[in-house]
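Nothing fancy with the numbering, it's 1 onward along the sequence. Quantities reported herein were computed from a predicted structural model and do not represent experimental measurements.
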Amino acid sequence: MRVLCLLQLSLLSLAWCGNLPAHAGNQQEERLADSVTLALAQVVADARPPKPQFNDIEQRIVYLNWLGDMSARLSDKLPDRQERIEFLESAWYEATRAGLDPALVLGLIQVESAFRKYAISSAGASGYMQVMPFWTRAIGDGDRRKLFHMRSNLRYGCAILRLYLDQEGGDYFMALGKYNGSRGLPEYPAAVLKAKKRWEYAAQ
């Protein structure tokens, strides 16, 4: 029953957003070192809720101000406030945990799925960060339905982007191209880095 409901929701979402195709390319499955596979598997299996810890009150204030600012910017894409806050909390948590700029992650999501939870590309990439299903087999438990679960999708996506950045020596152009399956071509990295500017935040 749960699977049927999920499929129905996916189809409804696709029908409603049919004129907004997902822009994911085709992340390529590759052989990873056992140590890398284990590390990624541990990351995606971590079920702890996205509750940030701060060393002082100033850091917490900056975070809360960021959350309020981003919520206002995202309100046209995610009108439901509770859904929007939960999404931003998870995006910030997963980005920060992976050592990524939250603005980069939000820019990538904007380009990949336009913030649509049930987006599916022509290549089969799924969810907010358009993760290819083979990743659930390579570093997860094989349940591709989890790619439509908000926190799981963000966790996979951030872990994969971090992997590609490490593989490319921190080169955003090459890493973003690899994430999209268009490594070496300029259009996708340029689109994500342009979108990133919309989500940049300067603490007051």
Taking a hydrophobic cluster as the set of Ile, Leu, Val, Met, Phe, Trp and Tyr residues connected by side-chain heavy atoms closer than 4.5 Å, whether directly or through intermediates, do [X] and [Y] fall within one such cluster?
| X | Y | answer |
| --- | --- | --- |
| L88 | V62 | yes |
| W92 | L64 | yes |
| L185 | F173 | no |

### Message
Please determine whether side-chain contact (heavy atoms from CB on, under 4.5 Å) holds for the pair S90 and M150, giving the CA-CA distance in whole Å, both sets of side-chain angles, and the decisive distance to 0.1 Å.
### Response
CA-CA 8 Å; S90 294; M150 177 189 66; 3.5 Å; yes
### Query
Among side-chain atoms of Y156 and E94, is any donor-acceptor pair under 3.5 angstrom?
no
Give me the atom names and distance for the closest heavy-atom approach of [X] to [Y].
| X | Y | value |
| --- | --- | --- |
| R162 | A98 | CD-O, 2.6 Å |
| S182 | Y188 | OG-CB, 3.8 Å |
| L147 | P133 | CD1-CA, 3.9 Å |
| K117 | F148 | CE-O, 2.9 Å |
| P102 | T96 | CG-OG1, 4.2 Å |
| C158 | A95 | SG-N, 3.8 Å |

### Task
Sequence neighbours left out, what passes side-chain hydrogen bond (donor to acceptor under 3.5 Å, both in side chains) with Q59? Give chain and number order.
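Q59 satisfies side-chain hydrogen bond (donor to acceptor under 3.5 Å, both in side chains) with no residue once adjacent residues are dropped.
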I need the [X] [atom1] to [Y] [atom2] distance, nearest 0.5 Å.
| X | Y | atom1 | atom2 | value |
| --- | --- | --- | --- | --- |
| L165 | L104 | CG | CG | 7.0 Å |
| D171 | R183 | CG | CZ | 8.5 Å |
| L161 | D166 | CG | CG | 9.5 Å |
| I85 | S71 | CD1 | OG | 4.0 Å |
| W66 | W199 | CH2 | CH2 | 9.5 Å |
| I139 | D141 | CD1 | CG | 11.0 Å |

Enumerate, atom names and distances included, each donor-acceptor pair closer than 3.5 Å involving a side-chain atom of residues 189-198, sequence neighbours excluded.
{"residue": "K196", "atom": "NZ", "partner": "E200", "partner atom": "OE2", "Å": "2.8"}
{"residue": "R198", "atom": "NH2", "partner": "R73", "partner atom": "O", "Å": "3.1"}

### Query
What do the steps show when you test Y128 against R116 for side-chain contact (heavy atoms from CB on, under 4.5 Å), and what is the final call?
CA-CA 6 Å; Y128 289 116; R116 289 176 293 136; 5.9 Å; no
### Task
Could you tell me whether a side-chain N or O of S121 sits under 3.5 Å from a main-chain N or O of A119, the two making a donor and an acceptor?
no
### Query
For M129, does its backbone N or O pair with a side-chain atom of Y179 as donor and acceptor, under 3.5 Å?
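A pair under 3.5 Å: yes.
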I want to check something: taking the side chain as every heavy atom from C-beta on, are [X] and [Y] in contact at a cut-off of under 4.5 Å?
| X | Y | answer |
| --- | --- | --- |
| L154 | I109 | yes |
| D143 | T136 | no |
| N180 | V111 | no |
| M70 | L106 | yes |

### Task
If the plane angle is over 60° it's perpendicular, under 30° parallel, otherwise tilted; pick one for W135 and Y164.
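Taking Y164 first and then W135, their aromatic rings stand perpendicular (interplane angle over 60°).
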### Task
Give the ring-plane orientation class for F87 versus F115, where under 30° counts as parallel, over 60° as perpendicular and anything between as tilted.
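Rings of F87 and F115: perpendicular, as their planes differ by over 60°.
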### Task
Please collect all salt bridge (Lys or Arg N to Asp or Glu O under 4.0 Å) contacts where either partner lies in residues 81-92, sequence neighbours excluded, each pair once.
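Passing the test, one end in residues 81-92: no pairs.
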